[in-house]
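Here is the structure we will look at.
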Amino acid sequence: MNILYVCTGNSCRSQMAEGWTRHLGGERVAVRSAGLEAHGLNPNAVAAMQAAGVDISAQPSSILADADIDWADIVVTVCGHADEHCPLMPAGTRKLHWAFDDPARAEGGPEQITHVFATTRDAIRERVEALLAELPTD
């Protein structure tokens with residue numbers, strides 16, 4: 001099963017979803033993430049995932065390509081902008097939308113920003129776990 005996560009900049013939410021899917025899904029899934037733009041990995045997203053025991057630091061921040069869409073069995077948009085601008089899916093591709101606020105827009109001191117990233121990370125994990133539970137185990 002090939003899962004593709006899409007967001008605007010491929011820096012936070014889609015990267016965390018990719019990391020959780022790889023960590024929790026193991027060999028039964030292949031996973032990628034991409035953005036409508038490539039903003040580079042957000043260091044706060046990397047730190048939040050590292051705090052949960054998942055290393056996403058080597059994941060590339062890439063721009064969505066037709067080949068990604070063709071490869072995917074499931075496409076999950078993780079922000080409204082990506083959902084609105086995502087290309088049409090080929091027949092048979094399942095599309096889901098998970099609306100998450102952008103943690104990169106968090107304001108406040110380091111503790112508040114860390115909390116926002118951790119909250120987003122944990123919410124994404126819950127969604128990934130639910131998606132993986134729906135998939136065949138073969």
Side-chain angles (χ1 to χ4, degrees):
M1 182 68 56
N2 298 336
I3 302 173
L4 173 66
Y5 295 99
V6 179
C7 69
T8 301
N10 194 219
S11 66
C12 297
R13 295 162 286 184
S14 56
Q15 292 286 352
M16 289 190 270
E18 178 183 351
W20 277 128
T21 303
R22 185 171 287 110
H23 181 75
L24 299 169
E27 297 293 319
R28 59 188 269 232
V29 294
V31 61
R32 294 180 188 169
S33 67
L36 303 178
E37 304 165 3
H39 295 170
L41 275 173
N42 184 300
N44 291 316
V46 173
M49 291 298 287
Q50 190 66 46
V54 180
D55 183 8
I56 64 169
S57 64
Q59 291 176 189
S61 178
S62 58
I63 296 176
L64 181 65
D66 289 342
D68 295 317
I69 298 291
D70 292 341
W71 169 85
D73 298 306
I74 300 172
V75 174
V76 182
T77 55
V78 294
C79 73
H81 184 255
D83 186 45
E84 293 167 11
H85 294 90
C86 196
L88 291 175
M89 298 296 117
T93 301
R94 180 178 174 197
K95 183 176 178 289
L96 303 170
H97 176 62
W98 300 345
F100 294 107
D101 290 334
D102 187 355
R105 295 182 186 269
E107 295 180 357
E111 287 182 14
Q112 289 99 339
I113 291 171
T114 298
H115 175 72
V116 169
F117 272 86
T119 299
T120 302
R121 174 201 66 209
D122 295 345
I124 291 171
R125 179 184 177 137
E126 288 178 14
R127 287 291 190 86
V128 168
E129 286 174 333
L131 176 59
L132 293 174
E134 293 175 15
L135 300 180
T137 57
D138 303 332

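Atom set for the values below is all heavy atoms of this structure, side chains included, hydrogens, waters and symmetry mates excluded.
In terms of heavy atoms, Ala38 sits closest to Ser61 at CB-O, 3.6 Å. Closest of all the heavy-atom pairs between Asn42 and Cys12 is CB-SG, 3.4 Å.
Under a hydrophobic-cluster definition in which Ile, Leu, Val, Met, Phe, Trp and Tyr are linked whenever side-chain heavy atoms come within less than 4.5 Å, directly or via other members, Val29 and Val6 are assigned to different clusters. Following chains of ILVMFWY side-chain contacts shorter than 4.5 Å, one cannot reach Ile3 starting from Val75, and the two form parts of different hydrophobic clusters. With hydrophobic clusters built from ILVMFWY side chains whose heavy atoms lie under 4.5 angstrom apart, Met16 shares a cluster with Ile74. No single ILVMFWY cluster, assembled from side-chain heavy atoms under 4.5 Å apart, contains both Val116 and Val54.
With sequence neighbours left out, the side chain to side chain donor-acceptor pair (under 3.5 Å) criterion links Gln50 to no other residue. Residues forming a side chain to side chain donor-acceptor pair (under 3.5 Å) with Glu129 (at least two apart in sequence, or on another chain): Arg125.
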Cut-off 3.5 Å, no hydrogens considered: what does the side-chain donor-acceptor table look like for residues 96-112, sequence neighbours left out?
{"from": "His97", "atom 1": "ND1", "to": "Thr77", "atom 2": "O", "distance (Å)": "3.4"}
{"from": "His97", "atom 1": "ND1", "to": "Thr77", "atom 2": "OG1", "distance (Å)": "2.8"}
{"from": "Asp102", "atom 1": "OD1", "to": "Ala104", "atom 2": "N", "distance (Å)": "2.9"}
{"from": "Gln112", "atom 1": "OE1", "to": "Gly109", "atom 2": "N", "distance (Å)": "2.8"}

Residue pair Leu64, Leu36: steps toward the side-chain contact (heavy atoms from CB on, under 4.5 Å) verdict: CA-CA 6 Å; Leu64 181 65; Leu36 303 178; 4.3 Å; yes

Trace of the side-chain contact (heavy atoms from CB on, under 4.5 Å) decision for Ile124 with Val78: CA-CA 9 Å; Ile124 291 171; Val78 294; 5.9 Å; no

Check against side-chain contact (heavy atoms from CB on, under 4.5 Å), Trp20 and Arg121: CA-CA 9 Å; Trp20 277 128; Arg121 174 201 66 209; 3.6 Å; yes

Audit row: Ser11, Leu41, side-chain contact (heavy atoms from CB on, under 4.5 Å) steps and yes/no: CA-CA 4 Å; Ser11 66; Leu41 275 173; 6.0 Å; no

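Side-chain polar atoms of Asn10 and Glu37 form no donor-acceptor pair below 3.5 angstrom.
In this structure, the side chain of Arg28 engages the main chain of Leu132 through a donor-acceptor pair within 3.5 Å. Checked by atom type and distance alone, the side chain of Gln15 pairs as donor or acceptor with a backbone atom of Pro60 at under 3.5 Å. A distance-only check finds no donor-acceptor pair linking the side chain of Asp122 to the backbone of Thr119 [under 3.5 Å]. With hydrogens and angles ignored, the 3.5 Å screen pairs no side-chain donor or acceptor of Asn2 with any backbone N or O of Asp73.
When each of Val31, Thr21, Ile69, Val76 is paired with Leu4, the side chain to side chain contact (heavy atoms under 4.5 Å, CB included) condition holds for Ile69 and for no other.
Rounding to the nearest 0.5 Å places NE2 of His39 at 8.5 Å from CD1 of Ile63. The CD atom of Glu18 sits 9.5 Å away from the CE atom of Met49 when rounded to the nearest 0.5 Å. Taking CZ from Arg32 and OG from Ser14, the interatomic distance works out to 14.0 Å, rounded to the nearest 0.5 Å.
Taking the charged nitrogens against the carboxylate oxygens, Arg94 and Glu134 do have a contact shorter than 4.0 Å, which makes a salt bridge.
Between Pro43 and Val46 the shortest side-chain heavy-atom distance does not fall below 4.5 Å.
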